[in-house]
Every structure is written in structure tokens, then in C-alpha cells.
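Residue numbers begin at 1 in each chain, while the letters A, B, ... track the order of the sequences.
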Amino acid sequence: MIYKFLSFILIMNSIQNMYNILLESYGKQGWWPLTSITENKGYHPGRYYLPRTHGEIFEVYIGAILTQATNWKTVEKAIKNLKELDALSPEKLIITDRTSVIDAIKSTGYYNQKYKRLLAISEYYLKLGERKPTRHELLGIDGIGKETADSILLYAYRDPVFVVDAYTIRILENHKLIKKKEKYESVQKLFSDSIPRDFKVYQEFHALLVEHAKRYYIKTTPKEKKKKIIFDPLLMEI
DNA sequence: AACCAGGACGTGA
DNA sequence: TCACGTCATGGT
């Protein structure tokens, strides 16, 4: 029993170390990217007061839906298209004709689903008014699962909710900090137990894990078919 | 030219 | 509960 306790302490320490090293290596990431920020492709490191307007907050919702199972570059294009269409607000999105919106978001794939989901969050966002959503409410909306809900809470509202994505799982598995098929909430709790309850840390850590995974956890050449992971330099350090 | 992307959801076992 | 198929375009 005491053995288990000690190993848990070590794991917590590794998580904290991982954050320190990633931050030191890559710097502040400045998520969530916003079109109102013209420089640095919308990223705004250190400006933790963002987003602040309804336009910026709603853009996080839109991006969170559109980025599901696709890369951000295609989402960037889609949001830009929506802006040119003048459909980048819940009110406008609802009244804009379906084919125009679908055409705008086509690059992100799954456009039929995503169109429906954009409508759903638009309706919800309007009903919300000035109120802040709860996780439970968000999860009740079509197309919003755990990761999307937590992304919205963390990046649109600055709630200290850790976002667990596929990359996070992959990295932690590789470092043997979790077992395979560890559950979402379980991984989330591990982070909550290991790092200070500070939304800024949560935002940066998640973004840093994504950055790290993009560098070392994606297959690079068709040759390395069997090897998903190249080599993670962090394995030596933590 | 496969293989994968900042997932979610429905279904059948 | 859980493993698996589906949704679809674009980047590497």
C-alpha cells in the first residue's frame, strides 16, 4: 500500500517536471488562437485576459467543434471563410444558408455533422446570455464531448479544467505514467493532483503537450510504419 | 500513396 | 461498459 502511495508521488513529480521542461523548451503557447489577433497566427502568449468579447469567446466554441479530428490549419481557413461570409456569430450563423456555411467549413471535413453542431452551439450560446455554461450543460449539446467541453471551459472561460486529448494520452503512456486505456477523468485527475490549480498552467500545459506531440509523436516517413513514436527526448529527462 | 489529424456518437455484443 | 464503424477533407 505504501508502495502504491510512493509511486503515485513519483508520478505526480514527473508530471510537474514535464511541465517545467516543456515550458522551458517551447515557451508560452498563447492558446486559444483568435482571428482578432493579427500577429503570430492568432496566438497570444502571456495575454491571459483573452478572450474577452462575445465575438472572441464564441470563436473558441466554433474552433473547438471544427478542430475535432482535424488539424488547426484547416480550421484557420474555415474560420476565415466564415468571417468573410459574415457568419461568425451565433445570430448570423443560424440565418446563413446551409450550403454557404458548409462550403466555408468544408476544409475541416465531416462538414454535415459539423454544420449541425455549429447550429446547436449557436442556439445554446444565444440562450446562455451573459451566463457561464456548466460542464454538464455543454456535454448535453450535440457534438460536445468531454474534450470539447473542457476546451471551451478552459480557453473561453478560464476555468481550471484540464483538457485531455489523444496526444496527452499517447505521451503519458509512452512515459509509463498511466496504463493503457486509462479513462478520461482519471487522467484529468492526475494532472489536477500534480500541478497548481491555475488556469494559466492548465492552458499552457495542454498546448505544450500538443506542440510536443506534433514534434515527436507523429509518424514522419512512410517507412516507419510500425513505429508511431520516433524518440521523445523527454524520456531521458524526467 | 498511405496514413493521420487539437473527437463524438451510434450500435451491437 | 466497450470495441468498432462512421463521418470527409487536406496535409505530409
Donor-acceptor pairs under 3.5 angstrom involving side-chain atoms of residues 57-70 of chain A: please list them, not counting sequence neighbours.
unit_1: A/Glu59; atom_1: OE1; unit_2: A/Thr35; atom_2: OG1; d: 2.7
unit_1: A/Glu59; atom_1: OE2; unit_2: A/Thr35; atom_2: N; d: 2.8
unit_1: A/Glu59; atom_1: OE2; unit_2: A/Thr35; atom_2: OG1; d: 3.2
unit_1: A/Tyr61; atom_1: OH; unit_2: A/Tyr157; atom_2: OH; d: 2.7
unit_1: A/Gln68; atom_1: OE1; unit_2: A/Arg117; atom_2: NH1; d: 3.2
unit_1: A/Gln68; atom_1: NE2; unit_2: A/Gly143; atom_2: O; d: 2.9
unit_1: A/Gln68; atom_1: NE2; unit_2: A/Thr148; atom_2: OG1; d: 2.9
unit_1: A/Thr70; atom_1: OG1; unit_2: A/Thr74; atom_2: OG1; d: 3.2

Exercise. In whole angstrom, what separates A/Ile169's CD1 from B/dG7's P?
Worked result: 11 Å

Exercise. Should we count NZ of A/Lys200 as having more than 12 external heavy atoms under 6.0 Å?
Worked result: yes

Exercise. So, is A/Arg170 near the phosphate of B/dA5, with a side-chain N or O under 4.0 Å from OP1 or OP2?
Worked result: yes

For this session: Could you tell me which residues satisfy side chain to side chain contact (heavy atoms under 4.5 Å, CB included) with A/Thr53, sequence neighbours excluded, listed by chain and number?
Result: A/Glu56

Problem set entry | Minimum-distance nucleotide (side-chain atoms of A/Ser107 versus B/dG6, C/dG10, B/dA8) | C/dG10

Exercise. Considering only the P atoms, how many Å lie between B/dG6 and C/dC2, rounded to the nearest integer?
Worked result: 26 Å

Exercise. A/Tyr125 and A/His54: aromatic ring centres closer than 6.0 Å?
Worked result: yes

Seminar exercise, completed: Of the candidates B/dA8, C/dC7, B/dA5, the side chain of A/Gln68 sits closest to B/dA8

Problem set entry | Main-chain N/O of A/Gly27 paired with A/Gln29 side-chain donor or acceptor, under 3.5 Å | yes

Exercise. Is the side chain of A/Lys28 donor-acceptor paired with the backbone N or O of A/Leu23 at a distance under 3.5 Å, no angle test?
Worked result: no

Exercise. Within less than 4.0 Å of OP1 or OP2 of C/dA8, is there a side-chain N or O belonging to A/Tyr111?
Worked result: no

Exercise. Can you tell me how far P of C/dC7 sits from CD1 of A/Ile65, to the nearest Å?
Worked result: 19 Å

Exercise. Do you know which of A/Asp193, A/Leu177, A/Asn17 makes side-chain contact (heavy atoms from CB on, under 4.5 Å) with A/Met12?
Worked result: A/Asp193

Exercise. For atom P, what is the distance between C/dA8 and B/dC3, given to the nearest Å?
Worked result: 22 Å

For this session: Between A/Asn112 and A/Lys73, just flag the one whose closest nucleotide in DNA chain C comes earlier from the 5' side.
Result: A/Asn112

Problem set entry | A/Gln113 (side chain) donor-acceptor with A/Tyr110 (main chain) under 3.5 angstrom | no

Problem set entry | Span that lies between the P atom of C/dG10 and that of B/dA8, in whole angstrom | 22 Å

Exercise. Between C/dC7, B/dG6, C/dT9, which nucleotide gets closest to the side-chain atoms of A/Asp165?
Worked result: B/dG6

For this session: Return the value, rounded to whole Å, for the distance between atom CD1 of A/Ile171 and atom C1' of B/dG6.
Result: 12 Å

Exercise. Can a side chain N or O of A/Lys183 be found less than 4.0 Å away from OP1 or OP2 on C/dC2?
Worked result: yes

Exercise. What nucleotide, of B/dA8, B/dG6, C/dC7, holds the atom closest to the side chain of A/Arg117?
Worked result: B/dA8

For this session: For A/Trp72 and C/dT9, give me the distance from atom CH2 to atom P, rounded to whole Å.
Result: 20 Å

For this session: Using a heavy-atom cut-off of under 4.0 Å over every strand shown, decide if A/Tyr43 touches base, sugar-phosphate, or nothing.
Result: base

For this session: Please state whether the phosphate of C/dG11, meaning OP1 or OP2, lies under 4.0 angstrom from any side-chain nitrogen or oxygen of A/Lys77.
Result: yes

Seminar exercise, completed: Residues in residues 141-151 of chain A with a heavy atom under 4.0 Å of DNA chain B, by number, are A/Ile141, A/Asp142, A/Gly143, A/Ile144, A/Gly145, A/Lys146, A/Glu147, A/Thr148

Exercise. Does A/Asn71 have a side-chain nitrogen or oxygen under 4.0 Å from the phosphate oxygens OP1 or OP2 of C/dG10?
Worked result: no

